[in-house]
Protein chains: 2
Amino acid sequence: MDKFKQFLKSIAPITDDEFEDTITFFTEQNLQKGEFFVKQDKVCRHIAFIVKGTLRTFYINNKSEETTSCFCTENSFTTSYKSFILQEPSNLSIQAIEETELLVIDYDNLQKLYHSSAIWQNIGRIIVEQEYIEMEKYASVLNNENAKEKYLRLLKEQPTVIQKAKVEDIASYLGVTRRTLSRIRQEVSK
Amino acid sequence: MDKFKQFLKSIAPITDDEFEDTITFFTEQNLQKGEFFVKQDKVCRHIAFIVKGTLRTFYINNKSEETTSCFCTENSFTTSYKSFILQEPSNLSIQAIEETELLVIDYDNLQKLYHSSAIWQNIGRIIVEQEYIEMEKYASVLNNENAKEKYLRLLKEQPTVIQKAKVEDIASYLGVTRRTLSRIRQEVSK
DNA sequence: CTCTTAAAAGGACAAATGTCCTCAAATGAT
DNA sequence: ATCATTTGAGGACATTTGTCCTTTTAAGAG
């Protein structure tokens, strides 16, 4: 809860009273390893702040393989943004890969926050802006870096993920097969 | 000008009077083929609605090659979003690849719009949301489709770009070399 | 601890892509 | 129109990655 307050304060000035008002709109949710926060083809009604844990975002590609697009770690928001914004069926699933604690708000309550609180008009846009920047960075990485560079970046930016995720999921995140990830690891360990 | 009004109306209800107020914040700008709208390493102060023409967004990657990340066509916004949002130096350049007409607003005026107009608080967030969705789609395409599929998608979604852009730029957009694009074209033409 | 099952590493060959070219077609200037 | 220069197509070979396996290591159940 305190983590969430710190996170919001880093985005926009928010008083303790405003935070108390805000927090009533959110509910706590815990996920076990393997449980889903969002399921593909269902409309995503919620957005969550990750207090603790790790989630994996993936979809089924046109070759019927699971493709991991993102590992979500603590102190950030997660949702299937497109589905949430447009309130249409999600093309992503989001699954906990370890025990995970969330602070969750649903779509209707977020709209209420936007309309009841001037500060949230701002915070809302700023969060979307930040997510845009993350997505742009992600796209730039996809474009710019080969699988080995992506692996080294993951190792640097989200080292815990390397321990917690399966080889299969890391490989699909890097856009290569298990075989190639195996070769990369061989090189990296010199 | 009328195109811009239609575009805004498709986003949020806006009256003719509100549009008249809005439009005073924008200025017209024309670019010749080869001229830049944004230059890498400079802070991007402007966002533009493309009335007519085509622009290419690119950056210099870590192998000192130009990588094309986007072709921007009419009836959409363009800017170096990260640079514009954070007012920090841009890692992208945006260049007209043919004669192009823009409606431009600078950062300070956009902030004024946000603060002076309730409707623009909304429009602002919605535009960022839409750009996020575009970027997410782009990232999904990068992840999910091979170069041939990307080529066919470009052919379908932005067919004029295939005519107007250089082979080199299309190849870097697809993430392959000229040689591979040549092979793809050979296959596509059966 | 041992057996069973699942997950990761790595060998051998095939397929795809890149590198380095040459040649043909298109474009511009005189 | 002619020549020079730029741009696209494609050949030959090297390198990278994928596919299909087998071997090795790790994890769970009894």
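Convention: sequence-line order gives letters A, B, ...; per-chain numbering from 1.
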Would you tabulate the pairs of protein nitrogen or oxygen atoms and nucleotide nitrogen or oxygen atoms of nucleotides 22-25 of chain C closer than 3.5 angstrom?
none

| Contact residues, residues 153-178 of chain B to DNA chain D [heavy atom, < 4.0 Å] | K166(B), V167(B)
| request: Could you pull out all residues at least two apart from K164(B) that satisfy side-chain hydrogen bond (donor to acceptor under 3.5 Å, both in side chains)? | output: E98(B)
| query | Rounded to whole angstrom units, what separation is found between the CG atom of N146(B) and the C1' atom of dA15(C)? | reply | 13 Å
Please list, one pair per line, the donor and acceptor atoms closer than 3.5 Å that link side chains of residues 180-187 of chain B to other protein atoms, with sequence neighbours excluded.
unit_1: T180(B); atom_1: OG1; unit_2: T177(B); atom_2: OG1; d: 3.4
unit_1: R185(B); atom_1: NE; unit_2: Y151(B); atom_2: OH; d: 3.1
unit_1: E187(B); atom_1: OE1; unit_2: K148(B); atom_2: NZ; d: 3.2

| message | Whole angstroms only, please: what is the CD1-P distance between I184(A) and dA9(C)? | response | 12 Å
| What integer distance in Å separates Y151(B):OH from dT17(C):C1'? | 18 Å
| Between dT17(C) and R183(B), is there an OP1 or OP2 to side-chain N/O distance shorter than 4.0 Å? | no
| request: I would like to know whether I47(B) and T78(B) meet side chain to side chain contact (heavy atoms under 4.5 Å, CB included); could you show each step before the answer? | output: CA-CA 6 Å; I47(B) 182 168; T78(B) 189; over 6 Å; no
| query | How would you give the extent of chain B contacts on DNA chain D, as first and last nucleotide 5' to 3' within a 4.0 Å heavy-atom cut-off? | reply | dT7(D) to dA12(D)
| E187(B) CD to dT17(C) C1', straight-line distance once rounded to whole Å | 12 Å
| query | Any ring-ring contact (aromatic ring centres under 6.0 Å, His included) pairs touching residues 42-68 of chain A, not counting sequence neighbours? | reply | F4(A)-F49(A), F7(A)-F49(A), F49(A)-F77(A)
| query | Going by atom types only, do T73(B) and T54(B) share a side-chain donor-acceptor pair under 3.5 Å? | reply | no
Where do N or O atoms of nucleotides 26-29 of chain C meet protein N or O atoms at under 3.5 Å, pair by pair?
none

| said: Mind checking if T180(B) touches a base, just sugar-phosphate, or nothing, with heavy atoms under 4.0 Å? | reply: sugar-phosphate
| query | How bent is the helix from dC1(C)-dG30(D) to dT30(C)-dA1(D), comparing axes over its five end pairs at each side, to the nearest 10°? | reply | 50°
| Linked hydrophobic residues, I60(B) as query - side chain contacts closer than 4.5 Å | none
| request: Report yes if some heavy atom in the side chain of R45(B) is under 4.5 Å from a heavy atom in the side chain of D108(B); otherwise report no. | output: yes
| message | Test: ring-ring contact (aromatic ring centres under 6.0 Å, His included). Region: residues 93-135 of chain A. Which pairs qualify, not counting sequence neighbours? | response | F84(A)-Y107(A), Y132(A)-Y81(B)
| message | Using the rule given for side chain to side chain contact (heavy atoms under 4.5 Å, CB included), can you reason through E28(B) versus E101(B), listing the C-alpha separation, both sets of side-chain angles and the distance that settles it, and then say yes or no? | response | CA-CA 7 Å; E28(B) 291 181 44; E101(B) 284 174 47; 5.6 Å; no
| message | Once side-chain hydrogen bond (donor to acceptor under 3.5 Å, both in side chains) is applied, do any residues pair with D16(B), and if so which ones, sequence neighbours excluded? | response | K9(B)
| request: Check the distance between dA16(C)'s P and K148(B)'s NZ and give it to me in whole angstrom. | output: 10 Å
| query | Do E18(B) and T15(B) pass the side chain to side chain donor-acceptor pair (under 3.5 Å) test, and can you show the C-alpha distance, the side-chain angles, and the key distance before you say yes or no? | reply | CA-CA 5 Å; E18(B) 283 164 339; T15(B) 65; 3.3 Å; yes
| Hydrophobic cluster of I94(B), others only, ordered by chain and residue number, side-chain cut-off 4.5 Å | L31(B), F37(B), V38(B), I50(B), L55(B), L102(B), V104(B)
| field | Polar side-chain contact R185(A)-dG10(C) base: donor and acceptor under 3.5 Å | value | no
| Do E157(B) and K137(B) meet the salt-bridge criterion of a basic N to acidic O distance under 4.0 Å? | yes
| So do the side chains of V43(A) and E88(A) get within less than 4.5 Å of each other, counting heavy atoms only? | no
| remark: CE (M135(A)) and OG (S69(A)) are apart, to the nearest 0.5 Å, by 7.0 Å
| said: Please determine whether side chain to side chain donor-acceptor pair (under 3.5 Å) holds for the pair S80(B) and S90(B), giving the CA-CA distance in whole Å, both sets of side-chain angles, and the decisive distance to 0.1 Å. | reply: CA-CA 6 Å; S80(B) 178; S90(B) 173; 2.8 Å; yes
